[in-house]
Participant: 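Okay, handing you the structure first.
All values below were derived from every heavy atom in this structure, side-chain atoms included, with hydrogens, water molecules and symmetry-related copies excluded. First the proteins, then the strands, lettered A, B, ... as listed; each starts at 1.
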Number of protein chains: 2
Amino acid sequence: MGYGNVSERRRQPPQVGVSVVILALGPSSVAPIEPHVNDNEETGADTENITAEPHGRLWMPLVRRIREPYLGMWALPGGELRADRSLEQCAYEALESTTDLHPRYLEQLHTFGGPSRSRGGLPMVSIVYWALVGQAETRDFAEADNVKWFPENALPSLAFDHRTIIDHALRRLRERIEYPDLTTRLVGPEFTLRQLHDVAEAVTGAPVDLANFRRRMLASGQLEETGQKVRIGRQRPATVYRYVPDADSHSDATADAVTDSTAALLRSAVAHDSDDSLDAVLGPLTTD
Amino acid sequence: MGYGNVSERRRQPPQVGVSVVILALGPSSVAPIEPHVNDNEETGADTENITAEPHGRLWMPLVRRIREPYLGMWALPGGELRADRSLEQCAYEALESTTDLHPRYLEQLHTFGGPSRSRGGLPMVSIVYWALVGQAETRDFAEADNVKWFPENALPSLAFDHRTIIDHALRRLRERIEYPDLTTRLVGPEFTLRQLHDVAEAVTGAPVDLANFRRRMLASGQLEETGQKVRIGRQRPATVYRYVPDADSHSDATADAVTDSTAALLRSAVAHDSDDSLDAVLGPLTTD
DNA sequence: GCAAAAGTGTTGAGAGTACACCCATGA
DNA sequence: TCATGGGTGTACTCTCAACACTTTTGC
């Protein structure tokens with residue numbers, strides 16, 4: 001796609017792309033309770049029925065390649081690196097192009113590069129982000145033209161080394177799912193403890209003791225009661241919580257992560273974010 | 001420096017550089033015990049006197065910029081991204097150009113980029129690695145032409161946002177210093193528990209209970225007695241250990257890290273590393 | 001013996017786990 | 001009153017920090 005005459009220059013600058021691993025709970029998971037959550041405090045303790053199908057799975061959207069190499073194969077959503085965007089903004093836009101959802105979490109995962117795929121003659125570097133988005137409605141998972149959602153356990157064969165990258169992201173997610181930080185990003189802004197618990201089990205794929213999970217979450221001090229109750233099945237209504245990050249939570253993961261407040265900033269495309277940790281930049285420097 | 005006519009193309013590909021934060025213990029730290037460690041098993045339990053000055057600090061080499069912008073200021077060592085090199089190899093070469101030491105640890109830290117420094121008109125992306133090298137001899141810390149070592153607590157003002165990057169790397173190191181993995185990289189291949197302990201204190205800057213530290217290290221199962229003893233002061237000789245990584249240690253940190261075995265590979269410049277995790281690559285992909 | 005460093009033992013607090021148990025609710 | 005999920009109590013283990021203590025060495 002036209003980067004000038006390649007053979008003209010001995011050391012052609014590598015092309016840089018941004019890719020995103022977008023993760024969400026699949027349609028067979030717990031349903032979000034957003035429908036009845038709104039700002040009016042009309043009934044301090046109202047309850048409402050919703051349905052739930054526990055034990056969902058992680059799904060992710062992939063895009064079909066419309067160019068060589070790997071034409072027709074599935075690949076991670078991505079885009080070019082724009083000069084007037086931060087890396088995060090580029091990742092955000094790649095995410096937007098494949099899903100209508102907004103990421104609740106967006107963090108740089110790793111940068112991949114090297115000579116082993118000089119296929120086109122140009123070296124390639126891909127800066128990969130991973131994102132968590134709220135659970136999509138079932139209809140969102142239906143096939144679109146060139147975008148399709150796949151469950152984590154039934155991925156098609158992927159272009160490039162994207163399978164390796166996805167495994168990388170899944171491993172990262174499972175490492176960090178212990179804390180309410182990430183778990184809450186996969187459900188709606190308000191949730192019951194059982195929903196969180198089901199998310200944790202869906203992500204790890206292993207059973208998690210519910211009682212202890214409850215205590216761990218509550219002990220984190222990052223959950224706050226909304227005052228509402230919700231009835232999932234036909235039984236006793238459950239307390240609804242929301243996630244309240246505490247100030248000093250920046251374990252490198254959250255340092256770079258998109259918080260709810262910065263997400264809005266990111267949406268404005270040409271925003272010039274002043275947050276050091278989000279958009280630190282530097283120049284190249286050679287000693288010779 | 002000549003990437004063609006910039007105004008010719010609307011979307012100029014960004015330039016990519018590789019920078020390295022190189023960390024080592026300073027000259028005032030414990031001395032390495034390498035001098036008397038060799039392969040001959042002539043004396044199963046010989047001891048030897050060496051000197052030590054505890055409570056060292058972390059030092060790092062910086063290079064003086066010889067170009068605008070920031071001409072004359074200090075900056076992280078770095079280099080351009082070569083098409084025929086993996087990212088790690090590029091980082092390795094940047095490291096070699098500033099120190100004669102070989103990294104015991106080399107891991108990708110973060111990729112920085114964004115519009116806020118479009119100074120030259122070209123957007124810049126820097127893939128930053130951080131490295132731990134064995135303790136250098138005191139003479140290595142003397143000033144060279146354009147390379148100088150600085151203690152972590154007395155850094156000069158730095159070009160670009162390199163100060164932010166260094167803080168990033170230091171934070172990462174302090175997070176992970178709990179485990180023998182990283183601690184052992186900062187000392188020689190063989191060491192006493194007290195040396196490890198002093199390293200831990202130097203890195204964290206806080207006192208660490210020696211007795212508990214000993215137990216934790218030994219409990220890791222990654223330390224192995226060499227059978228030798230060494231006398232640091234004039235007191236009771238201490239057992240010498242070496243680091244033996246266990247097979248299943250890959251907590252993402254070590255997955256990408258340079259192990260002793262791969263370090264040799266890296267040294268051969270044109271080596272085509274086949275390790276997936278070391279040199280995973282992918283192409284750019286746009287849905288439009 | 002004394003000082004200094006190597007190395008060990010002991011105790012208690014806190015976190016995490018397994019699992020039994022009670023409570024609220026609709027059928 | 002029963003089934004089901006919400007929510008609590010409890011006892012056991014494990015880890016880890018604190019710190020007292022013993023051992024080995026040169027002087």
Participant: Excluding sequence neighbours, so at least two apart, what forms salt bridge (Lys or Arg N to Asp or Glu O under 4.0 Å) with B:R163?
Facilitator: B:D167

Participant: Tell me, which of residues 205-221 of chain B have any heavy atom that sits under 4.0 Å from an atom in DNA chain C?
Facilitator: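 Of all residues in residues 205-221 of chain B, the ones placing a heavy atom under 4.0 Å from DNA chain C are B:A211, B:R214, B:R215.
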
Participant: Determine, for nucleotides 21-27 of chain C in 5'-to-3' order, which nucleotides have protein heavy atoms under 4.0 Å from the base (write B), from only the sugar-phosphate (write S), or from neither (write -).
Facilitator: --BBSS-

Participant: Holding to side chain to side chain donor-acceptor pair (under 3.5 Å), I want the full list of residues that pass it with A:E178, two or more places apart in sequence or in another chain.
Facilitator: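 By the side chain to side chain donor-acceptor pair (under 3.5 Å) rule, A:E178 matches no residue at all.
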
Participant: Holding to side chain to side chain donor-acceptor pair (under 3.5 Å), I want the full list of residues that pass it with A:E225, two or more places apart in sequence or in another chain.
Facilitator: none

Participant: In terms of relative ring orientation, are A:Y92 and A:H102 parallel, tilted or perpendicular, with 30° and 60° separating the classes?
Facilitator: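 A:Y92 and A:H102: parallel rings.
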
Participant: Side chain to side chain donor-acceptor pair (under 3.5 Å) with A:T204: which residues, sequence neighbours excluded?
Facilitator: none

Participant: Quick one: side-chain contact (heavy atoms from CB on, under 4.5 Å) partners of B:E224, sequence neighbours excluded?
Facilitator: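 Result, side-chain contact (heavy atoms from CB on, under 4.5 Å) vs B:E224: B:R242, B:V244.
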
Participant: Compare side-chain N and O positions of A:K229 against OP1 and OP2 of D:dG5 and report whether any pair is under 4.0 Å apart.
Facilitator: no

Participant: Got a list of side-chain donor-acceptor pairs under 3.5 Å for residues 207-216 of chain A, not counting sequence neighbours?
Facilitator:
unit_1	atom_1	unit_2	atom_2	d
A:D209	OD1	A:A211	N	3.1
A:D209	OD1	A:N212	N	2.9
A:D209	OD1	A:N212	ND2	3.3
A:N212	OD1	A:R215	NH2	3.0

Participant: B:Q195 and B:T192: which non-hydrogen atoms are nearest, and at how many Å?
Facilitator: OE1-N, 2.9 Å

